[in-house]
Amino acid sequence: MTDQFAKKSEAWSARFSEPVSELVKRYTASVDFDQRLALFDIEGSLAHAAMLQAVGILSEQDLESIRQGMARIRTEIEGGEFRWSIDLEDVHLNIEKRLTELVGDAGKRLHTARSRNDQVATDIRLWMRSTIDEIRALLRALRISLLDVAETNAATVMPGFTHLQVAQPVTFGHHLLAYVEMFTRDDERLADCRRRVNRLPLGAAALAGTSYPIDREQVARALGFEGVCTNSLDAVSDRDFAIEFTACASVLMMHVSRLSEELVTWMSPRVGFIDLPDRFCTGSSIMPQKKNPDVPELARGKTGRVYGSLISLLTLMKAQPLAYNKDNQEDKEPLFDTADTVTETLRIFADMIAGIQVKPERMRAAAAEGFSTATDLADYLVRKGLPFRDAHEAVALAVRQAAARGIDLSDLSVDELRAFSPLVGDDVSQALSLEGSINARNHVGGTAPAQVREAIRRHRAALAG
Ligand code: ARG
């Protein structure tokens, strides 16, 4: 056992006359959750140490000792052998203490020109940058799954809805592409957020900067930051970048929840547009016939906890005076939970969407009901010279009569339709057909299969570039 664990609780420093109580120790410690930042903490410390050596604060020998000690610590952490102790409060003090155990005074010199305040802000930014990159890669995979299913279904007709009432025919490919657009914007938002995350707080020290001749640009370059935070008070205290990340994640999950809701509806036997592979569904402990879409339901539910994290962080930051306050230690759990929820959800969704089993005949049958081509009949009459409002009224009458007889518009004969307007000709059946309806919407953003294929091509090119 290392002396780190053998010792009894000590006072925080010589400044204190007694140790904190057990309860306070547990209350104030963050190591149980912030140990997740360990490898980023080491990365930041190594960049800081290299800079201290370059400006003449650390000797070459000290730097070498720190590198060797950190390499060993990294191995211990990755191998699950590192002994975390809540006596040492957080990830930073645990690692620093172990370093000092391993390499002596060089370990004690590492904290020169640095504070845990700029250290933790740096760690979170490094962690968040890599999390954003991971989420963006997963968003890409999900979009590719959606594009693949959209391509196969570029001409698969389904009813489009407004108010959940059958509105006009669309293609299933077009419907899925709407989600590709949403997830593309989510990706853009994250990319934009990343620019503000990717700034170096180190050098701000506790709050005012440091009296040592540090080279912040060197540290920024070494850690891949695009620049340094240019006000020390702001650098250690604000967490707006974390709030922004959680806001991006909330919008993303809101989109996931919309898709989830549709998957659940489409899979209901009453609708029956799709089936999901068994590996994404579960049964009921009492009803043997059940196959439930648990994954989309859970994703819909988990959206709430991500919104919750956003509200937690906004409230955490609200009205905090400059500069660092211990409140900010509470930023980590909502962030980690958000990252875990979003990455797991996206990973499962990419796989699940790729496995959707489409039932085109059910979609088509639903599109053929509900007078989905009524607008097309009105447009037909407009093309023959009738003002749109009059055409709308004539078709409304036709729909009313068909509905009373329990048939669709396309079941009315040309003669019967002509009773509503003398402009109806023999070519009307083309306008009333599902294919006629979707093919007519042949412009950028429209549902015509040709446009759907073109949109897929554009998205694939953007994803490849
Ligand atoms: N564990 C702390 C946090 O997460 C690190 C910074 C502590 N700084 C301090 N002055 N107590 O925020």
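These numbers come from a predicted model, not from an experiment. Order of listing sets the numbers, starting from 1, for every ligand and every atom in it.
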Undergrad: Taking only Lys NZ, Arg NE, NH1 and NH2, and the carboxylate oxygens of Asp or Glu, determine whether E188 and R185 approach each other closer than 4.0 Å.
TA: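 Not counted as a salt bridge, because no side-chain N and carboxylate O are separated by less than 4.0 Å.
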Undergrad: Cation-pi between R114 and Y212: NZ/CZ under 6.0 Å from ring centre and within 45° of the ring axis?
TA: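 Judged by the rule, R114 and Y212 form no cation-pi pair.
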Undergrad: Give the residue, atom name and distance (to 0.1 Å) of the protein heavy atom nearest atom 11 (N) of ligand 1.
TA: R116 NH2, 3.6 Å
Undergrad: What's the shortest heavy-atom distance between H175 and W266, and which atoms?
TA: NE2-CZ2, 3.4 Å
Undergrad: Under 4.0 Å from any heavy atom of Q329, which atoms of ligand 1 are there?
TA: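 Those of ligand 1 that fall under 4.0 Å from Q329 are 1 (N), 2 (C), 3 (C), 4 (O), 12 (O).
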Undergrad: Starting from atom 3 (C) of ligand 1, which protein heavy atom do you reach first, and at what distance in Å?
TA: Y324 OH, 3.3 Å
Undergrad: For the pair E151 and R453, find out whether any cationic side-chain nitrogen is under 4.0 Å from an anionic carboxylate oxygen.
TA: no
Undergrad: Taking NZ, NE, NH1 and NH2 as the nitrogens, is one of them in E134 or R347 under 4.0 Å from a carboxylate oxygen of the other?
TA: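 Yes, charged N to carboxylate O under 4.0 Å.
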Undergrad: Can you sort out which atoms of ligand 1 are near S30, meaning under 4.0 Å from one of its heavy atoms?
TA: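 That gives atoms 1 (N) of ligand 1.
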Undergrad: On the six-membered ring of F241, is R125 placed so that its NZ or CZ lies under 6.0 angstrom from the centre and within 45° of the ring axis?
TA: yes
Undergrad: Can you tell which part of K332 has a heavy atom less than 4.0 Å from ligand 1: side chain, backbone, both or neither?
TA: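 The answer is the side chain of K332.
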Undergrad: For ligand 1, find out whether one of its N or O atoms is nearer than 3.5 Å to an N or O atom of N117.
TA: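 Right, the criterion is met.
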Undergrad: Which ligand 1 atoms, with their elements, are less than 4.0 angstrom from a heavy-atom of D90?
TA: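 Counting from 1, the qualifying ligand atoms are 1 (N), 2 (C), 5 (C).
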